[in-house]
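Working notes, beginning with the structure itself.
Model, not experiment: these values are computed from the prediction.
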Amino acid sequence: MDELITYGPQLLEGFLENIKLSLVAGVFALIVGTLLVAMRVSPTPVLRAAGTVYVNVVRNTPLTLVLAFSALGLSDTLGLVFSDVPRTNSFWLVSLGLGAYTAAFVCEALRAGINTVPTGQAEAARAIGLTFFQSLTLIILPQAFRAVVAPLGSVMIAMIKNTTVATAGGLLTESAANMKEIFDTTGASIPIFLGIVAGFMILTMPIGFFTGWLSQRLAVVR
Amino acid sequence: MSTSVLFDTPGPRARVRNAVLTVLGVALVATVVYLIYAGFDAKSQWDGRIWEPFLKYETWDFYIIPGLLGTLRAAAVAAVLALVFGAVFGLARLSDHRWIRIPAGAVVEIFRSIPLLLLIFFIFYLAPSLFGGGDYAFIALVTALMLYNGSVLAEVVRAGVRAVPKGQSEAAYSIGMRKNQVMRLVLLPQAVTAMMPAIVSQLVVLLKDTALGYIIAYVDLLNTGFKILPAVFFGSLIPAAIVIGIIYIGLNMALSALANWLEKRSRRSRKTAAPPVVPPGASVLGVGPGAGGGAGAEAVATME
């Protein structure tokens with residue numbers, strides 16, 4: 001218990017980094033994921049193919065490789081630099097990698113949601129003369145989003161847990177890296193492990209409950 | 001709803017519009033591809049020099065194949081252990097005895113909610129203090145993968161058994177079978193068929209997650225291909241990333257294709273009354289009779 005108190009501030013700081021990462025990557029993933037799903041259902045075969053290739057490639061690549069590539073490849077070799085401060089730079093690189101990775105899963109969740117919207121809805125939209133873009137944004141996506149609130153919650157929970165892999169992207173200020181550093185000096189400490197795990201549970205469990213509740217409230221009764 | 005009904009069979013005006021959109025789409029994709037190409041080119045990443053190592057047999061023999069074997073070994077051992085763990089805890093959660101059901105449920109829920117990397121680190125640092133010095137990278141990786149994926153598979157097993165219609169076990173009880181027999185002879189055979197696609201998709205997740213071993217210096221494909229190889233052949237980091245990326249994607253896509261095939265097969269199979277189980281954490285949409293016009297969404301692969 002003493003260790004948890006001694007290292008508490010450092011752990012808390014690392015944990016805040018995980019939360020910041022989750023927020024930035026989450027927003028990025030939702031935006032890109034929505035664009036991807038729009039591409040995947042669009043009438044343009046090229047865009048459909050591009051979306052499909054992106055989702056299949058990213059979904060089958062280990063996140064560790066994505067993040068290691070964003071640090072070593074994108075930044076060190078190709079010279080993509082967001083900031084002169086190394087810590088800030090790796091924060092944005094990891095956010096970019098994690099967001100790009102999660103976007104593929106957001107896209108797949110949304111596509112499953114689009115599949116639940118009855119055909120009649122799209123037919124009615126077309127019948128009153130809405131264009132593809134209008135029927136997608138006004139009729140289909142709003143219903144799809146309501147249907148996938150719970151799965152999107154699962155995607156977000158998985159993403160929050162994945163922020164620990166930021167270590168592979170060279171971000172050494174978040175909680176997994178902090179835990180490793182503390183273990184390096186003190187050896188494995190059960191209180192510290194349990195403390196961090198409790199932190200993640202406090203963060204993820206409400207999301208599960210909230211999205212579960214929300215999905216029931218928003219469910220379209222058919 | 002199949003995606004094609006989002007737009008009508010195009011008339012003349014729509015055909016023109018689609019042609020314009022296609023041209024724009026091609027231009028957009030081509031621009032992105034060109035920007036990536038030019039960006040790589042500006043840093044001379046297409047030089048034959050840095051790609052050359054990948055044409056030599058030695059590179060594959062010394063670095064890539066041993067790494068690949070490391071990845072496959074960890075994945076295979078972890079997969080077997082996770083399947084056993086999942087079967088034991090999944091059935092334990094279905095037990096009629098509260099003293100079995102509740103602890104099993106707690107174990108499954110806890111290991112499912114711990115970030116996998118934290119679990120790997122914890123075991124990696126705990127093992128030496130328990131069992132003395134040594135290299136615990138493999139053990140830590142495999143144990144953590146077993147606990148996490150086993151817990152997910154336990155949920156799959158539970159869902160699979162529950163997906164078998166109640167009438168099946170009622171009929172079995174009514175002809176005088178005992179609980180053990182009902183489970184062994186009636187429920188499990190049907191549940192396994194329903195579970196297969198979900199199990200295989202979880203194995204894809206497991207295979208992908210072996211790459212986390214990179215962080216604790218386990219000798220896997222990511223480690224030999226992305227850390228050691230570029231250090232030996234200076235400058236070949238990007239080619240290395242592309243080559244091992246392709247290997248990972250190929251492996252996972254082969255497994256995913258197997259999952260899709262199994263799902264299609266189990267959906268039209270008459271051997272089971274249970275609908276295919278969707279991996280937990282994935283969407284439960286579009287599966288089962290009557291959902292979404294029966295077009296059937298593909299199971300959404302779980303991430304992590």
Problem set entry | Straight-line distance of B:I246 CD1 to A:T61 OG1, nearest 0.5 Å |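 OG1 of A:T61 is found 10.0 Å from CD1 of B:I246.
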Problem set entry | Straight-line distance of A:L63 CG to B:L116 CG, nearest 0.5 Å | 11.0 Å
Exercise. What part of A:A50 gets closer than 4.5 Å to chain B, counting heavy atoms only: side chain, backbone, both or neither?
Worked result: side chain
Problem set entry | Which atoms of A:S189 approach chain B - backbone, side chain, both or neither, heavy atom under 4.5 Å |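 Interface part for A:S189: backbone (N, CA, C, O).
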Exercise. What part of B:F40 is in contact with chain A, defined as an atom under 4.5 angstrom from a non-hydrogen atom: side chain, backbone, both or neither?
Worked result: both
Exercise. Which bit of B:V26 comes within less than 4.5 Å of chain A, counting heavy atoms only: side chain, backbone, both or neither?
Worked result: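 When you check distances to chain A, atoms from both the backbone and side chain of B:V26 fall under 4.5 Å.
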Test item: [X] and [Y] side chains (from C-beta on) under 4.5 Å apart, heavy atoms:
X      : Y      : result
B:S256 : A:N60  : yes
A:T64  : B:Y214 : yes
A:T164 : B:F121 : no
A:F193 : B:L126 : no
A:N56  : B:M253 : yes
B:T22  : A:L47  : no

Exercise. Is A:K161 reaching over with its side chain to a backbone N or O of B:R112, donor-acceptor style, under 3.5 angstrom?
Worked result: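 Checked: pair present.
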For this session: Tell me, yes or no, whether the heavy-atom count around A:F82 atom CZ, taken from other residues, nucleotides or ligands under 6.0 Å, exceeds 12.
Result: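 Above 12, so yes.
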For this session: Select all residues of residues 216-226 of chain B having any heavy atom within less than 4.5 Å of some heavy atom of chain A, and report them by number, or 'none'.
Result: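 From residues 216-226 of chain B, the residues near chain A are B:L222, B:F226.
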For [X] and [Y], which heavy atoms make the closest approach, and how far apart are they?
X      : Y      : result
A:V165 : B:L117 : CA-CD2, 4.0 Å
A:F69  : B:A241 : CD1-CB, 3.5 Å
B:I215 : A:K180 : O-CE, 4.3 Å

Counting heavy-atom pairs under 4.5 Å to chain A, which of [options] comes out on top?
options                : result
B:L207, B:L237, B:L118 : B:L118
B:G245, B:P115, B:A240 : B:P115
B:L255, B:L212, B:T210 : B:L212

Problem set entry | Set of residues satisfying side-chain contact (heavy atoms from CB on, under 4.5 Å) with respect to B:A159, sequence neighbours excluded |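 In terms of side-chain contact (heavy atoms from CB on, under 4.5 Å), with neighbours along the sequence ignored, B:A159 is linked to B:V277.
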Exercise. What pairs with A:L194 under side-chain contact (heavy atoms from CB on, under 4.5 Å), at least two apart in sequence or on another chain?
Worked result: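 Scan of A:L194 (side-chain contact (heavy atoms from CB on, under 4.5 Å), adjacent residues dropped) gives A:I190.
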Problem set entry | Selection from A:I196, A:V58, A:D184, A:I139 maximising heavy-atom pairs under 4.5 Å formed with chain B | A:D184
Exercise. Any idea how B:F122 and A:F183 line up, ring-wise: parallel (<30°), tilted (30 to 60°), or perpendicular (>60°)?
Worked result: tilted
Exercise. Of all the residues in residues 203-214 of chain A, which have a heavy atom that comes within less than 4.5 Å of a heavy atom in chain B?
Worked result: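 So far as heavy atoms go, nothing in residues 203-214 of chain A approaches chain B to under 4.5 Å.
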